[in-house]
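In what follows, a single structure is set out as C-alpha cells and then discussed.
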Amino acid sequence: MRKPIIAGNWKMNNTASEGVALVNALKPLVANADCEVVVCVPAIDIPAVAEALKGSNIALGAQNVHFAEKGAFTGEISANMLKEFGVKYVIIGHSERRQYFGETDETVNKRTLAALNAGLTPIVCVGESLEERETGKTESVLDKQLTDGLKGIENIADIVIAYEPVWAIGTGKTATSEQANETIGYIRKKIGELFCPKCAEKLRIQYGGSMNAGNCKELMAMPEIDGGLIGGASLKANDFATIANYNK
Ligand code: PEP
C-alpha cells in the first residue's frame, strides 16, 4: 500500500562531474527496483545530475530549500528554482542543518509549507539525540518536532518523514530494527492524533542512520519502516543499489 522510498543524501560530497559518474553507474543497477529511488544531491550538482537522470527511474532531490518565493536572501535557493530542473523531493530539517545551521522546528515548518506549495515533496527529518534517548525523552522530542514542524499541512501523506536518531547518523551505530520499528510506529500514532489515523496509514516514514547494504534487509522487513534515508552508503553505486534492491 505504501510504496517504499529509498533516498540517498549525498550531503556535501560529489562535484557535478563526480555526481554524473555516480548516477550513470547507478542507473542500470536500480532499473528494476520495486521502490522509489531518489538521490538528494548538492544544489550546484542539480543541473548536470538532472540531465544524467533523464529517462531513468531515479528521482532527483535537493538537500534544503528556502521558504520565501524570491527576494533578498543571499545564497539561498527557492522551491521554484529547484522545480525548474525537475527536482521532486527536498530534505528538510536534517539534523546536520539543525545542529550547524540554526534550523528550528519553526523554519522546518516554513520550508515544508513552501515546498508543498510549489509541488515538491518534502522529506522532513526528525529524531532524538543520544542523551535524549537515554533520559527517556525520545517521545517528547518527537512530539514537539512533529507538532511544530508539520503545522498547517493539509494532506500529511503528501510528505515523507525520515526518522533519523541523531546518534545513528554517520556513526556506524544503527538503531536495531525493533527500535526503529517501534519509534516509527510511535511517530505514525502521533501523526494519527495530530492529523487523522487514515492519513497516518498512508504516510511514508523512512528510517535513517547508518543504513547500509548489510542491514537494509532486516530494517526494511519491519512493518512500519517504509524506506531509508541513506548518507554514507549512498556514495557508492553498488552499496546504494543493494539497498534499493533490498527485496531481491
Ligand atoms: C543521513 O545523512 O541522513 C544519514 C542517515 O547518514 P548515514 O547513512 O551516513 O548515517
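Both ligands and their constituent atoms are indexed starting at 1 by order of listing.
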**Set of residues that line ligand 1, where lining means a heavy atom lies under 4.0 Å from it** =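 Residues within 4.0 Å of ligand 1: N9, K11, H94, E164, A168, I169, G170, G208, G209, S210, L229, I230, G231, G232.
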
**Request:** Tell me, yes or no, whether the heavy-atom count around K88 atom NZ, taken from other residues, nucleotides or ligands under 6.0 Å, exceeds 12.
**Result:**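 Counting other residues, nucleotides and ligands, NZ of K88 stays at 12 neighbours or fewer.
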
**Prompt:** Using links of under 4.5 Å between side-chain heavy atoms of ILVMFWY residues, direct or through other members, which residues join L130 in one cluster?
**Reply:**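 Reading the cluster by chain and number, L130 sits alongside W167.
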
**Message:** Which Ile, Leu, Val, Met, Phe, Trp or Tyr residues join F101 in one cluster when any pair of side-chain heavy atoms under 4.5 Å counts as a link?
**Reply:**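 Via sub-4.5 Å side-chain contacts, F101 links to Y100.
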
**Prompt:** Just by modelled atom types, is the G149 backbone N or O under 3.5 Å from a matching donor or acceptor in the D105 side chain?
**Reply:**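 A pair under 3.5 Å: no.
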
**Request:** Could you list the residues that satisfy salt bridge (Lys or Arg N to Asp or Glu O under 4.0 Å) with K70, not counting sequence neighbours?
**Result:**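 Checked K70 against salt bridge (Lys or Arg N to Asp or Glu O under 4.0 Å); zero matches.
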
**Prompt:** Is there side-chain contact between V41 and I46, with heavy atoms separated by less than 4.5 Å?
**Reply:**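 Yes, side chains in contact.
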
